[in-house]
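Numbers restart at 1 for each chain; the letters A, B, ... are given by sequence-line order, proteins then strands.
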Amino acid sequence: MAKERKSAISPKRHEDYPEWYQQVVKNADLAESSPVRGCMVIKPWGYALWENIRTELDIMFKATGHVNAYFPLFIPLSYLQKEADHVDGFAKECAVVTHHRLEADADGKLVPAGELEEPLVVRPTSETIIGETYSKWVQSYRDLPILINQWANVVRWEMRPRIFLRTTEFLWQEGHTVHETKDEAWDETVKMLEVYKTFAEEYMAMPVITGEKTTEERFPGAENTLCIEAMMQDRKALQAGTSHFLGQNFAKSADIAFQNREGQRVHAWTTSWGVSTRLIGGMIMTHGDDDGFIVPPRLAPKHIVILPIIRDDKDAETVLSYCEKLKIELEDVNFNRVPVRVELDNRDLNAGEKGWSWVKKGAPIRLEIGMRDIESDSVFMGRRDQQGKSGMPRAQFVADVAGILGEIQDNLFKKALAYREEHTKNIDDLSKFADFFTPENPEKPETHGGFALSHWCTNPNCENKINADLSVTIRCIPSSSDNEEQGKCIVCGEKSPQRVIFAKAY
RNA sequence: CGGGGUGUAGCGCAGCCUGGUAGCGCGCUUCGUUCGGGACGAAGAGGUCCUGGGUUCAAUUCCCAGCACCCCGACCA
């Protein structure tokens with residue numbers, strides 16, 4: 001009937017991508033902005049998603065030998081000062097606690113009192129305080145390795161916050177490990193990057209490119225930063241996780257040293273690695289469509305939502321008890337090692353409105369159950385990765401449900417991968433490169449560009465020129481071995497050892 | 001820190017120029033008709049008009065100051 005299908009989210013992606021993103025966050029009931037600038041309230045649907053991310057990653061961390069611990073929120077200012085590059089990198093975005101008491105002034109207003117002798121910094125990341133702690137723990141090579149992760153919040157006073165993508169306070173995990181040798185620390189750095197890649201691709205259904213950062217983009221204080229980068233639907237890159245090889249920099253500044261097997265006192269080698277609630281933003285922008293969010297089944301707070309359709313009050317009990325039974329039956333099935341998560345939505349709402357609320361939230365499967373279905377012992381299913389709805393025998397659905405969820409998971413990944421490949425180009429000519437990254441209408445930039453695989457001579461000047469001219473940065477030097485052809489730098493024409501990924505970034 | 005803008009009901013806004021102490025849409029409550037693609041009608045509830053000062057018989061409206069937030073830039077491992 002309708003000429004163009006009405007979409008649940010307005011504007012659509014192609015009309016105004018940043019606004020679409022904000023609307024999805026809101027309509028999917030994931031989070032909202034708070035009275036505190038740059039800080040968000042994560043709502044139950046969004047937080048459940050984070051809990052699932054945490055649960056699955058935690059299993060992977062434990063499986064690779066790590067344990068969890070917890071370190072303080074506050075860092076003495078002097079600690080942060082010990083690593084010079086680290087200071088430069090974070091000093092501009094630190095929240096500082098200078099007082100520890102409030103007193104009423106003459107007008108009855110509360111004012112800070114009780115000035116601290118040494119200000120405390122709210123952790124922007126915990127290398128320094130953890131390093132100081134580790135220095136006491138490490139005496140002998142027998143104390144190594146230390147393989148610890150912490151789940152925490154951190155604060156970075158960013159100039160321009162974006163919900164989930166760059167908030168002032170965010171939730172994350174940070175792994176901090178100490179090793180006896182350089183090789184072992186490097187292996188750890190690589191291993192955790194692989195964990196992130198596996199998680200991103202198999203759980204978030206978000207294809208990522210692994211590689212290393214250029215000097216310019218490196219973590220302050222790191223010798224090398226490895227990263228996973230994903231392409232969003234506006235073709236910008238999102239750094240989704242980083243794993244840092246810290247060399248002996250932090251070990252030296254915090255004096256993490258031990259007696260080695262030869263009896264000499266030497267500094268240890270450390271790593272750190274983290275992912276944050278930014279991953280949620282990544283999933284929204286990877287999978288979301290014009291009807292809202294689409295949650296990858298493996299991380300979905302609810303896999304299946306049952307929507308009872310009651311047309312006549314006298315049928316209410318029949319329908320609801322059938323739905324209850326179906327729910328129990330489905331919860332007996334396992335998907336990805338855990339029981340299928342089922343929500344029976346019996347809120348007293350208009351059926352259409354109720355159904356759409358779950359579409360916008362991105363629940364993988366919706367089941368509409370009314371007298372018609374009960375009489376034919378079937379279910380009426382809507383899949384979030386497909387349009388339309390269809391009926392199928394109840395028993396068949398129960399038998400197939402894990403397979404259907406797996407299929408949705410696979411479809412999301414394949415679709416995202418195809419999108420990325422479609423918009424990744426080898427470019428060897430600077431003017432073509434510029435065209436690729438220049439919007440047709442600068443007033444209202446449309447979705448354009450993508451990942452450009454181009455040669456780079458490794459000189460930071462060339463990298464900076466591209467950034468200054470086009471706001472394009474080197475996202476990573478890909479680690480895949482099929483990328484070792486030599487060529488000429490896209491900027492200066494000098495010899496280049498390999499192609500790197502250029503893109504606009506979040 | 002520069003440049004611009006906005007503060008009025010839970011949310012989004014109008015009213016202000018041309019002062020007379022408030023209105024619209026959504027949401028919310030109740031009732032009825034609806035309900036498998038987002039409903040409709042009726043009746044309701046809900047406001048220190050950002051704060052302080054000034055002008056005035058009278059300020060949401062005009063003037064001054066302050067605060068907060070938003071957008072653009074700078075900045076963003």
Colleague: Please tabulate, for the side chains in residues 312-320 of chain A, all donor-acceptor contacts under 3.5 angstrom to protein atoms that are two or more places apart in sequence or on a different chain.
Modeller:
| unit_1 | atom_1 | unit_2 | atom_2 | d |
| --- | --- | --- | --- | --- |
| A/Asp312 | OD1 | A/Lys314 | N | 3.3 |

Colleague: With sequence neighbours left out, write down each residue that passes side chain to side chain contact (heavy atoms under 4.5 Å, CB included) with A/Thr64, or none if nothing qualifies.
Modeller: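 If we apply the side chain to side chain contact (heavy atoms under 4.5 Å, CB included) test to A/Thr64, skipping adjacent residues, the hits are A/His66, A/Lys191, A/Met192, A/Val195.
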
Colleague: Determine the Euclidean distance between corresponding P atoms of B/rC28 and B/rG10; express it in Å to zero decimal places.
Modeller: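 Each nucleotide's P atom is 15 Å from the other's.
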
Colleague: Rounded to whole Å, please give me the gap between CG in A/Asp345 and P in B/rC35.
Modeller: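 Taking CG of A/Asp345 and P of B/rC35, I get 19 Å after rounding.
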
Colleague: Kindly write out the residues that satisfy side-chain hydrogen bond (donor to acceptor under 3.5 Å, both in side chains) with A/Tyr134, not counting sequence neighbours, or none if the list is empty.
Modeller: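 So A/Tyr134 forms no side-chain hydrogen bond (donor to acceptor under 3.5 Å, both in side chains) with any residue.
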
Colleague: When the C1' atoms of B/rG15 and B/rU29 are considered, how many whole Å apart are they?
Modeller: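 These two C1' atoms come out 28 Å apart once rounded.
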
Colleague: Could you list the protein-to-nucleotides 39-42 of chain B atom pairs, N/O on both sides, closer than 3.5 Å?
Modeller:
| unit_1 | atom_1 | unit_2 | atom_2 | d |
| --- | --- | --- | --- | --- |
| B/rA39 | OP2 | A/Asn350 | OD1 | 3.0 |
| B/rA39 | OP2 | A/Asn350 | ND2 | 3.0 |

Colleague: Could you work out, with ring pair (Phe, Tyr, Trp, His ring centres under 6.0 Å) as the rule, every residue matching A/Tyr79, not counting sequence neighbours?
Modeller: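 Checked A/Tyr79 against ring pair (Phe, Tyr, Trp, His ring centres under 6.0 Å); zero matches.
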
Colleague: So which of residues 309-323 of chain A are in contact with RNA chain B, with a heavy-atom cut-off of under 4.0 Å?
Modeller: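 Residues of residues 309-323 of chain A that come under 4.0 Å of RNA chain B are, in numerical order, A/Ile309, A/Arg311.
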
Colleague: Rounding to an integer number of angstrom, what distance separates B/rG66 and B/rC26 when you compare their C1' atoms?
Modeller: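 One C1' to the other, the span is 34 Å.
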
Colleague: Without decimals, in angstroms, what is the distance between A/Asp348 CG and B/rC35 P?
Modeller: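 Interatomic distance, CG of A/Asp348 to P of B/rC35: 15 Å.
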
Colleague: For nucleotides B/rU51 and B/rA68, find the distance between their C1' atoms and express it as a whole number of Å.
Modeller: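 The same atom, C1', in both gives a distance of 10 Å.
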
Colleague: Just by modelled atom types, is the A/Phe170 backbone N or O under 3.5 Å from a matching donor or acceptor in the A/Thr277 side chain?
Modeller: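 Checking the backbone N and O of A/Phe170 against the side chain of A/Thr277, no donor-acceptor pair under 3.5 Å is found.
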
Colleague: Which residue lies toward the 5' end of RNA chain B, A/Glu368 or A/Arg278, if each is placed at its nearest nucleotide?
Modeller: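 Of the two residues, A/Glu368 wins.
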
Colleague: Residues two or more places apart in sequence or in another chain: which of them pass ring pair (Phe, Tyr, Trp, His ring centres under 6.0 Å) with A/Trp358?
Modeller: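 Result, ring pair (Phe, Tyr, Trp, His ring centres under 6.0 Å) vs A/Trp358: A/Trp45.
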
Colleague: OP1 or OP2 of B/rG38 less than 4.0 angstrom from a side-chain nitrogen or oxygen of A/Lys354, does that happen here?
Modeller: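 For B/rG38, OP1/OP2 do not have a side-chain N/O of A/Lys354 under 4.0 Å.
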
Colleague: With nearest nucleotides of RNA chain B determined for A/Gly370 and A/Trp172 from heavy-atom distances, which residue corresponds to the more 5′ nucleotide?
Modeller: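 The 5'-side residue here is A/Gly370.
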
Colleague: With a 3.5 Å cut-off and no angle check, do the side chains of A/Thr210 and A/Ser479 form a donor-acceptor pair?
Modeller: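 The criterion, which ignores hydrogens and geometry beyond distance, is satisfied for A/Ser479 and A/Thr210.
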
Colleague: Got a salt bridge between A/Arg384 and A/Asp289, using NZ or NE/NH1/NH2 to carboxylate O under 4.0 Å?
Modeller: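 Looking at A/Asp289 together with A/Arg384, the answer is yes, because their closest N to O distance falls below 4.0 Å.
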
Colleague: Answer yes if the side chains of A/Thr177 and A/Thr271 hold a donor-acceptor pair under 3.5 Å, and no otherwise.
Modeller: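 Result is yes, a qualifying pair exists.
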
Colleague: A/Glu19 has an atom CD; how far is it from atom C1' of B/rC70, in whole Å?
Modeller: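 These atoms are roughly 13 Å apart.
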
Colleague: Specify the separation, in whole Å, of atom CG of A/Asn346 and atom C1' of B/rC35.
Modeller: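 In whole Å, B/rC35 C1' and A/Asn346 CG are 16 Å from each other.
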
Colleague: Between N or O atoms, less than 3.5 Å apart, protein on one side and nucleotides 10-13 of chain B on the other: list the pairs.
Modeller:
none

Colleague: Which dot-bracket notation, 5' to 3', represents the base pairing of RNA chain B when pairs are defined as Watson-Crick or G-U with both distances under 3.5 Å, crossing pairs as [ ], and inter-strand pairs as |?
Modeller: (((((((..((((......[..)))).((((((.....)))))).....(((((..]....))))))))))))....

Colleague: What I want to find out is whether A/Glu201 reaches A/Lys197 closely enough, with some N-O distance under 4.0 Å, to be called a salt bridge.
Modeller: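 A salt bridge is present here (some side-chain N lies under 4.0 Å from a carboxylate O).
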
Colleague: Could you tell me the separation between the CE atom of A/Met371 and the C1' atom of B/rC35, rounded to a whole number of Å?
Modeller: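 My rounded result for the distance is 16 Å.
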
Colleague: To the nearest Å, how far apart are A/Gln22 CD and B/rC70 C1'?
Modeller: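 So the two atoms are 11 Å apart, to the nearest Å.
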
Colleague: Using a 3.5 Å cut-off and no angle test, enumerate the donor-acceptor pairs between side-chain atoms of residues 365-374 of chain A and protein atoms at least two apart in sequence or in another chain.
Modeller:
| unit_1 | atom_1 | unit_2 | atom_2 | d |
| --- | --- | --- | --- | --- |
| A/Glu368 | OE2 | A/Lys389 | NZ | 2.7 |
| A/Asp373 | OD2 | A/Gly370 | N | 2.8 |

Colleague: Looking at A/Trp273 versus A/Phe61, is the centre-to-centre ring distance below 6.0 Å?
Modeller: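 Yes, the ring centres sit under 6.0 Å apart.
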
Colleague: A/Thr125 vs A/Arg123, test: side-chain hydrogen bond (donor to acceptor under 3.5 Å, both in side chains). Steps then yes/no.
Modeller: CA-CA 5 Å; A/Thr125 178; A/Arg123 63 182 165 213; over 6 Å; no

Colleague: Among A/Thr473, A/Thr215, A/Thr458, A/Thr214, whose side-chain hydrogen bond (donor to acceptor under 3.5 Å, both in side chains) with A/Glu463 holds?
Modeller: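 Among A/Thr473, A/Thr215, A/Thr458, A/Thr214, the one that satisfies the side-chain hydrogen bond (donor to acceptor under 3.5 Å, both in side chains) with A/Glu463 is A/Thr214.
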
Colleague: Step by step, would you call A/Lys252 with A/Glu83 a salt bridge (charged side-chain N to carboxylate O under 4.0 Å, His left out)?
Modeller: CA-CA 9 Å; A/Lys252 282 177 180 164; A/Glu83 217 292 334; over 6 Å; no

Colleague: In whole angstrom, give me the gap between the C1' atoms of B/rA14 and B/rA22.
Modeller: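 Nearest-Å result for B/rA14 against B/rA22 at atom C1': 11 Å.
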
Colleague: Can you run down the ring pair (Phe, Tyr, Trp, His ring centres under 6.0 Å) pairs that involve residues 215-235 of chain A, sequence neighbours left out, and say none if there aren't any?
Modeller: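 Checked against ring pair (Phe, Tyr, Trp, His ring centres under 6.0 Å) - neighbours excluded - the pairs reaching residues 215-235 of chain A are A/His86-A/Phe219, A/Phe90-A/Phe219, A/Phe219-A/His244.
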
Colleague: Scan A/Glu217 against the nucleic acid and name what it touches under 4.0 Å (heavy atoms): base, sugar-phosphate only, or nothing.
Modeller: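 Sugar-phosphate contact only - A/Glu217 comes under 4.0 Å of backbone atoms but never of a base.
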
Colleague: Using a cut-off of under 3.5 Å, enumerate the N/O to N/O pairs linking the protein to nucleotides 74-76 of chain B.
Modeller:
| unit_1 | atom_1 | unit_2 | atom_2 | d |
| --- | --- | --- | --- | --- |
| B/rC76 | O2' | A/Glu158 | OE1 | 3.0 |
| B/rC76 | O2' | A/Glu158 | OE2 | 3.3 |
| B/rC76 | O2 | A/Arg166 | NE | 3.1 |
| B/rC76 | O2 | A/Arg166 | NH1 | 3.0 |
| B/rC76 | O2 | A/Arg166 | NH2 | 2.9 |

Colleague: Nearest whole Å is fine: how far is B/rG37 P from A/Leu307 CG?
Modeller: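 Going from CG in A/Leu307 over to P in B/rG37 covers 11 Å.
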
Colleague: Between A/Asp400 and A/Met392, does a side chain to side chain contact (heavy atoms under 4.5 Å, CB included) hold up when you go through it step by step?
Modeller: CA-CA 11 Å; A/Asp400 289 355; A/Met392 67 195 289; 4.2 Å; yes

Colleague: How far, in whole Å, is B/rG53 from B/rA59 if one measures between their P atoms?
Modeller: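 Straight-line distance between the two P atoms is 13 Å.
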
Colleague: May I have the step-by-step check of side chain to side chain contact (heavy atoms under 4.5 Å, CB included) for A/Ile42 and A/Ile280, ending in yes or no?
Modeller: CA-CA 11 Å; A/Ile42 306 176; A/Ile280 294 174; 5.6 Å; no

Colleague: Please state the P separation for the pair B/rC63 and B/rG19 - nearest whole angstrom.
Modeller: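 Pairwise P distance, B/rC63 against B/rG19, rounds to 12 Å.
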
Colleague: Please state the C1' separation for the pair B/rG27 and B/rG36 - nearest whole angstrom.
Modeller: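 One C1' to the other, the span is 26 Å.
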
